[in-house]
Amino acid sequence: MKQYLKDLFKKSSDKLEYLKDANLVFTVPNIGSHGDFSTNVAMTLTKQLKRNPREIASEIVENLEADKNVISSIEIAGPGFINFSFTPQFTAQIIKNILAEKRDFGKSGKYKGKKALVEFVSANPTGPLTVGHGRNAVVGDTLANMYEWIGYDVDREYYFNNAGRQMRILGESVKLRYLELLGGTVDFPDTHYQGEYIVDIAKKLHTENGDSLRDEDAEGKFKETAEAEIFADIKKTLKNINIEFDSFYNERDLYNNGDIENVLKTFKEKDLVYEKEGATWFKLTELNNDQDKVIIKASGEPTYRLPDIAYHRTKYERGYDIIVDLFGSDHIATYPDVLAGITALGYNPDLVKVIIYQFVTLLANGEVVKMSTRKANFITLDELAEEVGSDVVRYFFNMRSVSSHLNFDIELAKKHSEENPVFYLQYAHARISSIMNMTEENKLNLSVDNLELLNTDEEQNLIKKLHSFGEEMLIAGENAETHKISHYLEELAGLFHKFYTQCRIIGTEKKLAEARIALAVASQIVIKNGLNILGVTAPEKM
RNA sequence: GCGCCAGUAGCUCAAUUGGAUAGAGCAACAGCCUUCUAAGCUGUAGGUUAAUGGUUCGAGUCCAUUCUGGCGUACCA
């Protein structure tokens with residue numbers, strides 16, 4: 001419909017010069033009486049033309065050659081909006097499109113042939129995923145789904161580091177617990193991992209090896225077993241909420257294959273590093289950042305910046321058109337360094353899309369719980385999923401804009417889980433399945449022959465909402481705003497429930513009933529498509 | 001101190017990216033099931049968009065200052 005309006009304006013730009021390079025924007029007004037689509041073009045032209053916006057608007061309207069079978073009215077309103085309303089005959093076509101395209105309805109070919117990499121979770125294997133990681137995991141996977149929906153070929157990647165200090169402490173923690181099992185009294189420092197899962201891993205090692213590991217190095221078997229066990233657990237947790245990665249990228253590979261060495265060499269050649277106090281510094285001030293930072297410590301070990309830059313270079317070399325990084329606000333200071341690094345290497349930093357989400361505040365018994373993996377006062381993602389189910393977890397984390405803090409009240413999630421909006425959507429979907437069963441029994445069949453009979457407000461509003469699905473998903477995808485999906489679906493479900501209440505099918509005249517079946521089925525298709533993007537199931541029965 | 005993100009109804013959040021009368025869900029109150037699922041629908045009430053000033057046809061949205069909260073500000077990741 002938007003395209004129709006654009007073409008209409010283009011045609012009349014022969015007569016009205018100023019429309020040629022005017023910025024034409026059509027929006028759906030939030031008040032029904034303002035029509036189906038609206039444009040503010042007359043207002044944007046006031047300055048250039050130095051004329052009253054309403055005057056300009058009426059001149060534009062006089063020169064539009066609209067088809068009466070398509071557009072039922074054009075009105076000028078308010079300070080100079082031009083409002084358009086479409087005829088029921090025209091909107092009826094939308095239902096046919098949905099029924100024909102089914103699970104593909106609303107997909108955009110706009111980014112077809114492009115490749116996207118979404119890197120998310122990327123938690124080091126030091127413990128189970130917590131509710132905090134949950135936001136990252138769910139939003140990341142949903143972003144990936146959205147990019148696929150608008151045409152990208154998407155890879156999901158998990159980046160991790162199994163070297164480093166925290167992993168060393170993890171190995172030591174397991175070894176200490178193991179020694180405890182052998183009967184020794186062990187001083188367990190509070191800098192070490194306190195969680196019960198550490199004891200479990202130690203028990204496993206004890207069962208399998210007896211006391212033969214007494215003199216084993218903490219960095220050896222202890223650390224390796226811990227990593228393997230924890231990673232297996234993480235993957236299981238992710239699978240529980242419907243997430244699977246295409247690849248796991250180990251930071252160590254960047255050392256082994258010479259990439260880190262290579263990046264460093266390039267920086268040296270470009271005279272972007274210097275030595276000071278035994279460390280190697282990266283001249284970030286020359287790259288427009290605030291201060292120079294260390295990339296190789298006095299100990300000879302690189303800081304995280306260097307491997308991060310090398311890692312991002314591999315993303316470019318693997319040929320992605322868009323590179324999405326998702327992380328929490330605690331990492332906000334790190335990405336400008338990485339972007340500066342890859343820019344210095346000659347890559348276009350605009351391909352990288354950094355998405356930062358605000359932290360989840362966990363409330364238990366009305367009080368804020370500060371979570372820490374090391375201190376083991378966390379609630380795991382598994383426990384949460386067990387408690388409220390995968391659908392609720394996924395929906396909940398996708399409900400809010402990533403830029404706002406998210407309060408997660410455990411009691412509320414349990415207690416009100418039946419009032420969660422996700423059920424509102426699923427209920428609409430299930431209701432339609434139920435209608436289909438009933439209509440079959442009543443020997444009513446879907447028909448698209450008399451769709452113009454769908455002329456009540458409830459029917460027309462529903463149809464128009466269905467029509468906007470593709471565009472709203474495209475906007476959501478381009479802006480990486482997963483909360484727009486659930487927002488759209490809640491509105492759609494609301495319109496469907498109103499339609500359901502007002503427009504009965506069984507007991508109505510046959511032609512109208514069969515047209516309504518078409519609308520109900522079309523609604524179900526769109527709800528299901530949307531739920532699929534969210535990774536939430538669409539039940540036939542509830 | 002400096003930097004980033006936020007502050008919208010009692011609570012949790014939206015607001016088509018600068019548009020028309022700021023909207024939903026919970027919670028509260030009043031209605032609607034012998035008819036396709038009441039996990040639903042209808043109605044009532046709830047607001048100086050943290051504050052002040054500015055930019056313009058037009059500001060919750062942009063700019064400045066202030067207040068409050070979160071996160072950073074490492075030779076941790």
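Numbered from 1 within each chain, the chains take letters A, B, ... in sequence-line order.
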One character per nucleotide, please: for [range], 5' to 3', B when the base has a protein heavy atom closer than 4.0 Å, S when only the sugar-phosphate does, - otherwise.
range: nucleotides 15-22 of chain B; value: SBB-BBB-
range: nucleotides 1-6 of chain B; value: ---SSS
range: nucleotides 30-36 of chain B; value: ------B

Which of these nucleotides, [options], is closest to any side-chain atom of [X]?
X: A/M542; options: B/C75, B/U37, B/G72; result: B/U37
X: A/Y304; options: B/A77, B/A39, B/C75; result: B/A77
X: A/R305; options: B/A74, B/C41, B/C57; result: B/A74

In whole Å, what separates the [atom1] atom of [N] from that of [M]?
N: B/A22; M: B/U61; atom1: P; value: 14 Å
N: B/A45; M: B/A9; atom1: C1'; value: 11 Å
N: B/C71; M: B/G10; atom1: C1'; value: 28 Å
N: B/U52; M: B/U8; atom1: P; value: 16 Å
N: B/G53; M: B/A59; atom1: P; value: 14 Å
N: B/G72; M: B/A77; atom1: P; value: 15 Å
N: B/G23; M: B/G60; atom1: C1'; value: 12 Å
N: B/A15; M: B/A20; atom1: C1'; value: 14 Å

[N] [atom2] sits how many Å from [X] [atom1], rounded?
X: A/I432; N: B/A39; atom1: CD1; atom2: C1'; answer: 15 Å
X: A/M167; N: B/C76; atom1: CE; atom2: P; answer: 18 Å
X: A/N420; N: B/C13; atom1: CG; atom2: P; answer: 14 Å
X: A/N289; N: B/G72; atom1: CG; atom2: C1'; answer: 15 Å
X: A/D337; N: B/C75; atom1: CG; atom2: C1'; answer: 14 Å
X: A/I309; N: B/A77; atom1: CD1; atom2: C1'; answer: 14 Å
X: A/N398; N: B/C13; atom1: CG; atom2: P; answer: 15 Å
X: A/N250; N: B/A77; atom1: CG; atom2: P; answer: 15 Å

If you measure from CD1 on A/I230 to CD1 on A/I198, what distance do you get to the nearest 0.5 Å? 5.5 Å
Separation of A/L24 CG from A/K6 NZ (nearest 0.5 Å): 7.5 Å
Full working for ring-ring contact (aromatic ring centres under 6.0 Å, His included) between A/F282 and A/F267: CA-CA 8 Å; A/F282 188 27; A/F267 285 163; 4.5 Å; yes
What does [X] touch in the nucleic acid at a heavy-atom separation under 4.0 angstrom: a base, only the sugar-phosphate, or nothing?
X: A/A279; value: base
X: A/A430; value: base
X: A/E478; value: nothing
X: A/S299; value: nothing
X: A/L406; value: sugar-phosphate
X: A/E277; value: base

Could you walk me through whether A/F231 and A/F248 pass ring-ring contact (aromatic ring centres under 6.0 Å, His included), step by step? CA-CA 11 Å; A/F231 244 132; A/F248 287 78; 5.7 Å; yes
Where do A/Y395 and A/F423 land on the ring-ring contact (aromatic ring centres under 6.0 Å, His included) test, with the steps shown first? CA-CA 10 Å; A/Y395 197 81; A/F423 297 112; 9.3 Å; no
Who pairs with A/T126 by side-chain hydrogen bond (donor to acceptor under 3.5 Å, both in side chains), at least two apart in sequence or on another chain? none
For A/R313, side-chain hydrogen bond (donor to acceptor under 3.5 Å, both in side chains) partners two or more places apart: A/N262
B/C57: syn or anti, with syn meaning chi within 90° of zero? anti
Name the orientation of the base relative to the sugar in B/U17: syn if the glycosidic angle is within 90° of 0, else anti. syn
Tell me which of A/E491 and A/Q291 sits closer to the 5' end of RNA chain B, going by the nucleotide each one is nearest to. A/E491
Go nucleotide by nucleotide along RNA chain B from the 5' end; which of A/D308 and A/V402 gets its closest nucleotide reached first? A/V402
Under 6.0 Å from the six-membered ring centre of A/F496 and within 45° of its axis: does the NZ or CZ of A/R431 meet both? no
Where the side chain of A/D36 meets the backbone of A/F86, is there a donor-acceptor pair that is under 3.5 Å apart? yes
Any sub-3.5 Å donor-acceptor pair from A/R516's side-chain atoms to A/R504's backbone N or O? yes
Does a side-chain N or O of A/K276 approach OP1 or OP2 of B/C75 to a distance below 4.0 Å, or not? no
B/C41 phosphate, OP1 or OP2: any side-chain N/O from A/Y424 under 4.0 angstrom? yes
Inspect the contact between [Y] and [X] and indicate whether a charged nitrogen and a carboxylate oxygen are less than 4.0 angstrom apart.
X: A/K465; Y: A/E472; result: yes
X: A/E172; Y: A/K223; result: no
X: A/K293; Y: A/D337; result: yes

If the plane angle is over 60° it's perpendicular, under 30° parallel, otherwise tilted; pick one for A/Y159 and A/Y249. tilted
Among side-chain atoms of A/Y311 and A/E157, is any donor-acceptor pair under 3.5 angstrom? yes
Take A/K283 and A/D292, measure what salt bridge (Lys or Arg N to Asp or Glu O under 4.0 Å) needs, and give me the verdict at the end. CA-CA 5 Å; A/K283 290 185 188 171; A/D292 293 345; over 6 Å; no
So what does the secondary structure string of RNA chain B come out as, 5' to 3', with Watson-Crick or wobble pairs under 3.5 angstrom, [ ] for crossing and | for pairs with another strand? (((((((..((((.....[...)))).(((((.......))))).....(((((..]....))))))))))))....
Only one of A/F160, A/Y158, A/F245 passes ring-ring contact (aromatic ring centres under 6.0 Å, His included) with A/F120; say which it is. A/F245
